[in-house]
Amino acid sequence: MLELLPPSLTATPGTVWVPPGTVGLPPGSTIYWQGNLSNTSSAEIRFRVLVTADDTEALVNTAEIDDGRGSVIRRSAIVIVNGLPVYLP
């Protein structure tokens with residue numbers, strides 16, 4: 001699994017939680033994990049980030065999951081940061 005965080009997000013060192021395997025949080029905003037899973041198991045990877053955006057922004061975060069057999073799956077999440085409140089009557 002390779003996670004390249006958008007420029008307005010920075011991974012917080014010491015907050016990466018992964019199953020057993022090789023994990024990395026090199027300088028910058030890249031997180032990776034490598035390990036073995038059976039056909040019926042799953043892996044949950046959690047981490048905290050610091051939002052550095054000053055303005056309202058839609059951040060798209062995409063992880064790439066390589067199954068080791070030539071297939072790469074991409075999963076994305078979108079979050080709006082520093083949004084503006086809207087008051088309706």
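Numbers here simply count residues along the sequence, with the first being 1.
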### Donor-acceptor under 3.5 Å (Ser76 side chain, Thr62 main chain)
no

Spacing of [X] atom [atom1] and [Y] atom [atom2] [to the nearest 0.5 Å]:
X: Leu9; Y: Glu57; atom1: CG; atom2: CD; answer: 8.5 Å
X: Glu64; Y: Glu3; atom1: CD; atom2: CD; answer: 9.5 Å
X: Leu2; Y: Gln34; atom1: CG; atom2: CD; answer: 11.5 Å

### Task
Indicate the atoms forming the closest heavy-atom contact of Leu59 with Ser8, along with that distance.
CD2-CB, 3.6 Å

## Note on the structure
Between Asn82 and Ala53, the two heavy atoms sitting closest are ND2-O, 2.8 Å

Going hydrophobic residue to hydrophobic residue with side-chain gaps under 4.5 angstrom, can you get from [X] over to [Y]?
X: Phe47; Y: Val79; result: yes
X: Val81; Y: Leu50; result: no
X: Ile31; Y: Leu37; result: yes

### Message
Testing Asp67, Asp66, Ile65 one by one against Val72 for a side-chain contact (heavy atoms from CB on, under 4.5 Å), which residue passes?
### Response
Asp66

### Message
Any non-hydrogen side-chain atom of Thr56 less than 4.5 Å from a side-chain atom of Ile80?
### Response
yes

#### Entry: Validation row: Asn61, Pro6 side chains within 4.5 angstrom (heavy atoms)
yes

